[in-house]
Trainee: 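Submitted below is the structure of interest, expressed as structure tokens.
Count residues from 1 along the sequence. Please read these numbers as outputs of a predicted model, since none were measured by experiment.
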Amino acid sequence: MYSAILVAAGLVCRVLAHGDHSDHSGGSQKPMVDENASWMTKHMAEEHHISDFDASSFFVLHDYDADGHWEAEEILRTYGLMDESNKNVPQSRRDEIQRELLQLLDTNKDGYVTRDEFVAFIEGGNTLPDVGMGPGHHGDDEYEYEIHHWEKYHDENTRLEDLTHPEDIEHFKKHEMMEDEEERLEMLNKMAIVEQNIPSKFRRSG
């Protein structure tokens, strides 16, 4: 249902007024976790809506290029440091987090983490630390909207006219802007000469 509404929702940001969250109760599928649960448990519940997992499945889920290793960038992505919400985190702090995590996980010091290294780390009674960067948003805009908003406030019965939350309007406005830009680029590509690319002194006057 979500995908069908997404296709039709190009009009949403033009026709809907801002609303609040009090009038819809689609119900989140996020598992309930104890506030004292580990960061890994909270991450899996918040970001993946999964409560039952082991070290191996956690590793594979976050091996984004499926090459059997966690490179430093993948570790930072898992912690949400590639997400818009953490765009203001200084590079010095990113480097510090990277060093801290590799020191914990990369036992042979070759610069990346294998599944065996991670499983051994977890089976040794350890867990990934909370580095203060939130639950670890690491999906694209579509995934983040669906898992953090759609599943919480909407469901399969949601109609186009129900999408009145500020998050809905912002999300579909982004889609509209992307579509407008794609149309503009398509028009430019069809032109033999793009006038804007010609230095002004060489453009025809009049």
Side-chain angles (χ1 to χ4, degrees), residues 2-3 21 26-154 165-167 170-171 174-175 178:
Y2 167 68
S3 58
H21 293 141
S28 173
Q29 299 175 20
K30 182 178 74 173
M32 298 296 292
V33 296
D34 188 272
E35 62 178 10
N36 296 317
S38 69
W39 180 86
M40 285 178 62
T41 299
K42 291 178 179 178
H43 170 82
M44 291 296 281
E46 180 79 17
E47 294 301 309
H48 303 286
H49 292 182
I50 294 173
S51 58
D52 187 16
F53 63 93
D54 59 16
S56 183
S57 61
F58 186 97
F59 182 92
V60 171
L61 185 61
H62 298 92
D63 180 14
Y64 303 107
D65 58 8
D67 67 351
H69 303 92
W70 279 357
E71 288 79 21
E73 184 174 317
E74 289 177 302
I75 297 172
L76 295 179
R77 179 178 173 183
T78 296
Y79 272 91
L81 285 161
M82 304 301 181
D83 187 74
E84 183 75 9
S85 62
N86 283 320
K87 65 180 180 181
N88 294 323
V89 177
Q91 187 61 47
S92 58
R93 178 57 180 147
R94 295 171 187 269
D95 293 343
E96 182 182 13
I97 292 170
Q98 176 179 312
R99 286 193 301 270
E100 175 186 346
L101 293 169
L102 284 175
Q103 185 174 357
L104 285 175
L105 303 170
D106 179 20
T107 54
N108 66 357
K109 309 304 177 186
D110 59 1
Y112 53 81
V113 181
T114 65
R115 177 159 57 176
D116 287 345
E117 285 177 319
F118 182 72
V119 170
F121 173 77
I122 298 299
E123 289 182 349
N126 304 297
T127 186
L128 289 179
D130 183 347
V131 298
M133 295 293 117
H137 299 318
H138 57 70
D140 59 18
D141 287 347
E142 209 63 48
Y143 176 84
E144 295 293 340
Y145 169 77
E146 182 169 1
I147 202 165
H148 293 299
H149 182 77
W150 179 273
E151 290 186 3
K152 187 174 183 179
Y153 297 108
H154 306 305
H165 300 162
E167 293 88 345
E170 179 182 0
H171 179 74
K174 285 183 180 179
H175 274 274
M178 290 169 60

Trainee: Checking D83 against S85: is there a side-chain donor and acceptor pair closer than 3.5 Å?
Mentor: yes
Trainee: Can you tell me if K42 uses its side chain to pair, donor with acceptor, with the backbone of E35 under 3.5 Å?
Mentor: yes
Trainee: May I ask you to test the P129-L104 pair for a side-chain heavy-atom distance under 4.5 Å?
Mentor: yes
Trainee: I need the R93 CZ to N88 CG distance, nearest 0.5 Å.
Mentor: 15.0 Å
Trainee: Would you find a donor on one side and an acceptor on the other, under 3.5 Å apart, between the side chain of E46 and the backbone of T41?
Mentor: no
Trainee: Is the shortest heavy-atom distance from the side chain of Q103 to the side chain of E100 under 4.5 Å?
Mentor: no
Trainee: Could you check whether S92 and D95, counting side-chain N and O atoms only, form a donor-acceptor pair closer than 3.5 Å?
Mentor: no
Trainee: Counting the benzene-type ring for Trp, do W70 and Y64 have ring centres under 6.0 Å apart?
Mentor: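 Centroid distance W70-Y64: not below 6.0 Å, so no.
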Trainee: Looking at D52, I want to see if its CG is surrounded by more than 12 non-hydrogen atoms of other residues, nucleotides or ligands under 6.0 Å.
Mentor: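 Incorrect, the count does not exceed 12.
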Trainee: Taking C-beta and beyond as the side chain, do D54 and S57 meet within less than 4.5 Å on heavy atoms?
Mentor: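 SC-SC contact between D54 and S57 confirmed.
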Trainee: Do L128 and F118 come within less than 4.5 Å of each other through their side chains, counting heavy atoms only?
Mentor: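 Sidechains of F118 and L128: in contact.
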Trainee: Less than 4.5 Å apart, any side-chain heavy atom of E47 and any of H62?
Mentor: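 SC-SC contact between E47 and H62 ruled out.
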Trainee: Using atom types as modelled and distance alone, determine if a side-chain donor or acceptor of E73 lies under 3.5 Å from a backbone N or O of M82.
Mentor: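 No; zero donor-acceptor contacts below 3.5 Å.
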Trainee: Could you walk me through whether F53 and M40 pass the side-chain contact (heavy atoms from CB on, under 4.5 Å) test, one step at a time?
Mentor: CA-CA 10 Å; F53 63 93; M40 285 178 62; 3.9 Å; yes
Trainee: Give, for atom OG of S56 and atom CG of L61, the distance between the pair rounded to the nearest 0.5 Å.
Mentor: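 S56 atom OG to L61 atom CG measures 11.0 Å (nearest 0.5 Å).
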Trainee: May I ask you to check whether over 12 heavy atoms, not counting those of K109, lie within 6.0 Å of atom NZ?
Mentor: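 Counting other residues, nucleotides and ligands, NZ of K109 exceeds 12 neighbours.
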Trainee: Heavy-atom distance under 4.5 Å between the side chains of R115 and H69, does that happen here?
Mentor: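 Sidechains of H69 and R115: no contact.
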Trainee: I need the N86 CG to L76 CG distance, nearest 0.5 Å.
Mentor: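 These two atoms lie 10.5 Å from each other.
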Trainee: With no hydrogens and no angle check, is any side-chain donor or acceptor of D106 less than 3.5 Å from a backbone partner on V113?
Mentor: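 Absent.
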Trainee: Do the side chains of F58 and H43 get nearer than 4.5 Å, heavy atoms only?
Mentor: yes
Trainee: Any carboxylate oxygen within less than 4.0 angstrom of a Lys/Arg side-chain nitrogen, looking at R99 and E96?
Mentor: no
Trainee: Give me the ring orientation class for W39 and Y79: parallel if the planes are under 30° apart, tilted from 30 to 60°, perpendicular past 60°.
Mentor: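 W39 vs Y79 ring planes: parallel.
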Trainee: So L81 and R77, do their side chains get closer than 4.5 Å, heavy atoms only?
Mentor: no
Trainee: How far does CD1 of I97 sit from CE of M133, to the nearest 0.5 angstrom?
Mentor: 4.5 Å
Trainee: Once you round to the nearest 0.5 Å, how far does CG of D110 lie from CG of L102?
Mentor: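 D110 atom CG to L102 atom CG measures 9.5 Å (nearest 0.5 Å).
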Trainee: Which heavy-atom pair separates D63 from G68 by the least distance, and what is that distance?
Mentor: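 Result for this residue pair: OD2-N, 2.8 Å.
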